[in-house]
2 protein chains.
Amino acid sequence: MGRWEPDARGRLEGAAMELYRERGFDQTTVAEIAARAGLTERTFFRYFSDKREVLFSGAGRLEDLLVRSVRGAPTSATPMAAIAGALEATAAMFEERREFARQRQALIVAHADLQERELIKLASLASAIGEALRGRGVPAPAASLAGEMGIAIFKIAFEQWLGDSKKQGLAHHIRQSLQELKAVAAGKQRGPRRPAVRTGRIADGL
Amino acid sequence: MGRWEPDARGRLEGAAMELYRERGFDQTTVAEIAARAGLTERTFFRYFSDKREVLFSGAGRLEDLLVRSVRGAPTSATPMAAIAGALEATAAMFEERREFARQRQALIVAHADLQERELIKLASLASAIGEALRGRGVPAPAASLAGEMGIAIFKIAFEQWLGDSKKQGLAHHIRQSLQELKAVAAGKQRGPRRPAVRTGRIADGL
């Protein structure tokens, strides 16, 4: 390991995002990102395997947090309650990085290979939640379904949060999506209710 | 277009699956698939863009069927009822190809790039269902969530169907998964109930 660089990871992330927006993701090189951050390429590769991974380096931390929260939920908690608590626990992680998250989302929507990587990340999170629920004794099909449902809630809540002109918190949108999912599952959404609003969903671009 | 070959598509699919199992997916070439089917490479490329697409050629038909079913559901149907009907309508499409579906699933679980392609297909289906629901006047976040929930049900039901030693139909497993999802959403799955059984889920390999 070379000498310690104060907040090298954060500087590289900021520099990468600036360059992706200025020149486009495809045109940006690792050398340029390192130079913009005032660091060496060697330092870049200490933190990220390639320029794509700058946008996905939080995935491991996110998964750890979700899995720990599901495992740590009270024994009496239902799968949905355990998942709701876990999703809400992640909100703080994103709240302070809203602008980064918004720019990242715009990049992902615009690049098919980033969309693929994002889908893999989300599938992996759903699987990890399902596994954590099985560890709590939830039977396999219900645990897997609950993991998928948790990620569906997270995905929609995240999009609503990024597009929210009132700037309500991610935790608020997670609770909203959870209520919405419960209402849909219970068959409470019957026909037209309010005007449909299109959101820029990741999957829409596929 | 060249001369008509009886069931060229089916012969190419069968030949491809045989070769993928005998030699492995990576080692098989389009030339070999065409030769095994007794057809030319030119005929192969009339049906499939590459050897991967042999495994995904049904995706367009599946999406059409789902979208048409959601659109055609009675006006009074809730989003979940419309989705349930659409998913059940697809069952016949798979029922007669169970062995192909099982072999295909085994290949996908074993290959990261096929898993990615499968995730893209599923995300695209979720998005198409959400769009069809918006067309019925369902507001955007609920419609998107319902699309994701529909695909979660389909994914789990499909895995249960392929692994079912009692050979119950796909429609049965779709209804089961739908009930399971409703129970999970309503908070009815509380703690251990029956022994957890591990299924070979696509996402587990990620």
Side-chain angles (χ1 to χ4, degrees), chain A residues 75-81 112 115-117 119-120 122-124 126-127 130-131 134 136-149 151-153 155-157 159-160 176-177 180-199 201-204 206, chain B residues 75-81 112 115-117 119-120 122-124 126-127 130-131 134 136-149 151-153 155-157 159-160 176-177 180-199 201-204 206:
Chain A
T75 318
S76 63
T78 62
M80 274 325 271
Q115 284 168 20
E116 289 179 26
R117 182 69 182 80
L119 289 174
I120 293 165
L122 293 173
S124 173
S127 180
E131 188 69 43
R134 283 196 286 274
R136 291 172 61 87
V138 179
S144 301
L145 259 175
E148 300 286 342
M149 289 158 75
I151 291 309
I153 291 166
K155 202 170 150 182
I156 306 298
E159 289 160 2
Q160 296 291 119
Q176 287 279 105
S177 285
E180 201 108 46
L181 179 137
K182 286 181 177 174
V184 171
K188 283 184 190 146
Q189 288 280 354
R190 200 177 285 270
R193 299 194 341 159
R194 40 185 165 112
V197 176
R198 291 236 12 175
T199 56
R201 300 188 55 227
I202 292 173
D204 281 349
L206 293 171
Chain B
T75 318
S76 63
T78 63
M80 275 323 272
Q115 285 169 17
E116 290 179 26
R117 182 69 183 79
L119 289 174
I120 292 165
L122 293 173
S124 173
S127 180
E131 188 68 45
R134 283 195 285 275
R136 291 172 62 86
V138 179
S144 300
L145 259 174
E148 301 285 342
M149 290 158 75
I151 292 310
I153 291 166
K155 202 170 150 180
I156 306 298
E159 290 160 3
Q160 296 292 118
Q176 286 279 105
S177 285
E180 201 109 45
L181 179 137
K182 286 181 177 175
V184 170
K188 282 184 190 146
Q189 289 279 354
R190 199 177 285 272
R193 301 199 335 165
R194 43 187 162 109
V197 176
R198 293 237 7 178
T199 56
R201 299 188 55 230
I202 292 173
D204 282 349
L206 294 173

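Labels below follow one simple rule: chain letters A, B, ... track the order of the sequence lines, proteins then strands, and each chain is numbered from 1. Only a predicted model underlies this, so the values are computations on that prediction, with no experimental measurement involved.
- By the 4.5 Å heavy-atom criterion applied to side chains, B/Glu116 and A/Leu119 are not counted as neighbours.
- When every heavy atom of B/Met80 is checked against every heavy atom of A/Val184, the shortest pair comes out as CG-O, 3.0 Å.
- Closest approach of A/Ser177 to B/Leu145, counting heavy atoms only: O-CD1, 3.4 Å.
- Nearest heavy-atom pair, A/Pro141 versus B/Glu180, reported as atom, atom and distance to 0.1 Å: CB-OE1, 4.1 Å.
- Closest approach of B/Thr78 and A/Gly187 over heavy atoms only: CG2-O, 3.3 Å.
- When each of A/Ala185, A/Ala146, A/Ala143 is scored by its heavy-atom pairs under 4.5 Å with chain B, the top score falls to A/Ala185.
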